[in-house]
2 protein chains.
Amino acid sequence: MLQLKDLPDKEIIRRFAERYPQANVDAVLSFLKVLQVGTDLSLALNQYLAEFDLLQGRWWVLILLMREEDKRATPSTLAEKAGVSRATMTGLLDGLLKERLISREHALVDRRQIEIKLTQAGQDKLDEVMPGYYERVSKLMATIDSDLNQQMIEALTILHNHRQLFFN
Amino acid sequence: MLQLKDLPDKEIIRRFAERYPQANVDAVLSFLKVLQVGTDLSLALNQYLAEFDLLQGRWWVLILLMREEDKRATPSTLAEKAGVSRATMTGLLDGLLKERLISREHALVDRRQIEIKLTQAGQDKLDEVMPGYYERVSKLMATIDSDLNQQMIEALTILHNHRQLFFN
DNA sequence: TTGACATAGTTAGCCAGCTAACTATAATGG
DNA sequence: CCATTATAGTTAGCTGGCTAACTATGTCAA
């Protein structure tokens, strides 16, 4: 994902709109802004997680496991919830296993399945990472007042729900 | 970047907040929403560009070149504006050169520099891609009313400007 | 003028995504 | 009951990011 350090200003978009009359200046600006800020925050998050030898993928797996009552899940459901392929999940779990943050066991009911479980070391890792993560998120989001925040969420939710408009 | 198909609901975050009192439910929800929608739109854009054998990186280089009066730039400035390393830019330019969408010439003034120029084929490619891109962006953004759009941009701009709050 | 430092671009090698192809196991319907 | 189809997980090989190390050229100050 690009960082888009140099977003076009209205003037540049207007120049493009002369050649491409389909261009709507405000629409393009907001679209690019969403992409830009998404990348910003994603990079910032990765940078924080890297201090703990984690990246978004492996960190999110730990969180998904911690959400479960019994701290267990199968690779397939984890892949589905994280939005990555099962192949990628295999790789993420390999990494987590190497650091003993999770364990792998054959499931009893269905012998095709593997049960992934958050280990104590995995829980300890989260206990290290999460407080600083929540602090940073709180500090960052406190720069927007509560009403504006609600409106932003509303707008983003609408975009999320209509994202398939891009695929026609 | 993760797709975060399964965002936590307020109940889950509240459970986490019992263990991690730093957690602010609304802050976490907005933060993740920005990440999620950024990824959504990025994936959707890539999917559209892939129809034209482009991806965000190479597409953005073509746009940056088209913005220039003389359709020229050096790899360094392109890397800076696109927010990628110079090494990555070398790779992107290699790809574009192979399809003859740009040309490379040694600069006259400074013999370390290379001048990259948008070719006619490159301009033709943009003329193919951009109308559909602008149409899709317009259609998508039209789902948010204008006031809400302004508020979203305002909020995102504040977040962008404070992103370094994540690095302490 | 020349030694030290800075800058432009490339190369090599790493990493985390992906798809496609594979094995093993389970479910199902004729 | 067994042939077909579906599902779980892994492997191999591709891609586009990255950093670090390198070459070539330029700049500047003693």
Side-chain angles (χ1 to χ4, degrees), chain A residues 1-5 35 38-40 42-47 49-50 53-62 72-99 102-117, chain B residues 1-5 35 38-40 42-47 49-50 53-61 72-99 102-116:
Chain A
M1 201 175 182
L2 283 183
Q3 224 192 321
L4 301 179
K5 285 204 181 159
L35 285 184
T39 311
D40 282 347
S42 182
L43 286 174
L45 176 57
N46 269 336
Q47 198 154 326
L49 294 174
D53 295 310
L54 288 175
L55 283 172
Q56 276 178 67
R58 295 193 295 151
W59 171 71
W60 198 247
V61 170
L62 295 180
R72 286 167 192 277
T74 62
S76 286
T77 58
L78 291 171
E80 171 61 27
K81 289 180 180 176
V84 300
S85 66
R86 281 176 299 144
T88 297
M89 186 51 65
T90 297
L92 294 174
L93 294 175
D94 283 346
L96 289 168
L97 190 64
K98 203 156 51 186
E99 298 181 52
I102 59 162
S103 64
R104 262 182 164 117
E105 296 168 29
H106 280 279
L108 301 175
V109 275
D110 183 335
R111 293 201 298 161
R112 289 170 304 180
Q113 288 185 344
I114 302 282
E115 287 251 294
I116 302 298
K117 184 164 193 302
Chain B
M1 199 174 179
L2 283 183
Q3 225 193 319
L4 303 179
K5 284 204 180 157
L35 285 184
T39 310
D40 282 350
S42 183
L43 286 175
L45 177 57
N46 269 336
Q47 198 154 327
L49 294 174
D53 297 309
L54 288 175
L55 284 173
Q56 276 178 67
R58 297 193 295 149
W59 170 71
W60 198 248
V61 170
R72 287 167 191 278
T74 63
S76 286
T77 57
L78 290 172
E80 170 60 27
K81 290 180 180 178
V84 299
S85 66
R86 281 175 301 143
T88 297
M89 186 51 65
T90 297
L92 294 174
L93 294 174
D94 282 347
L96 289 168
L97 191 63
K98 203 155 51 185
E99 298 182 50
I102 59 162
S103 64
R104 263 182 162 118
E105 295 167 33
H106 280 279
L108 301 175
V109 277
D110 183 335
R111 293 200 300 162
R112 288 171 305 182
Q113 289 185 343
I114 302 282
E115 288 252 292
I116 303 298

Are side-chain heavy atoms of [X] and [Y] found at a separation under 4.5 Å?
| X | Y | value |
| --- | --- | --- |
| I102(A) | L62(A) | yes |
| K5(A) | E80(B) | yes |
| L45(A) | L35(B) | yes |
| P75(A) | R86(A) | no |

For [X] and [Y], which heavy atoms make the closest approach, and how far apart are they?
| X | Y | answer |
| --- | --- | --- |
| T90(B) | R104(B) | O-NH2, 4.1 Å |
| L49(A) | L55(A) | CD1-C, 3.8 Å |
| Q3(A) | G83(B) | OE1-O, 3.7 Å |
| Q56(B) | L2(A) | O-CD1, 3.5 Å |
| A79(B) | S85(B) | CB-O, 4.0 Å |

Starting from [atom2] on [N], measure out to [atom1] on [X] and report it in whole angstrom.
| X | N | atom1 | atom2 | value |
| --- | --- | --- | --- | --- |
| I114(B) | dT23(D) | CD1 | P | 18 Å |
| L93(B) | dG16(D) | CG | P | 13 Å |
| W60(B) | dG16(D) | CH2 | P | 19 Å |
| N46(A) | dG17(D) | CG | C1' | 12 Å |
| Q47(B) | dT15(D) | CD | C1' | 17 Å |
| L97(A) | dT10(D) | CG | C1' | 14 Å |
| Q3(A) | dC18(D) | CD | C1' | 13 Å |
| R112(A) | dA8(D) | CZ | P | 6 Å |

Report task. Kindly point out which of dG9(C), dT25(D), dA8(D) is positioned nearest to the side chain of Q113(B)? Result -> dG9(C)
Report summary line: Residues in residues 102-110 of chain B with a heavy atom under 4.0 Å of DNA chain C, by number, are R104(B)
Give me the distances for all protein-to-nucleotides 11-18 of chain C N/O pairs that come in under 3.5 Å?
from, atom 1, to, atom 2, distance (Å)
dC18(C), OP2, S85(A), N, 3.0
dC18(C), OP2, S85(A), OG, 3.0
dC18(C), OP2, T88(A), OG1, 2.2

Query raised in the report: Is there a donor and acceptor pair, one atom on the side chain of R111(B) and one on the base of dT25(D), closer than 3.5 Å?
Result: no
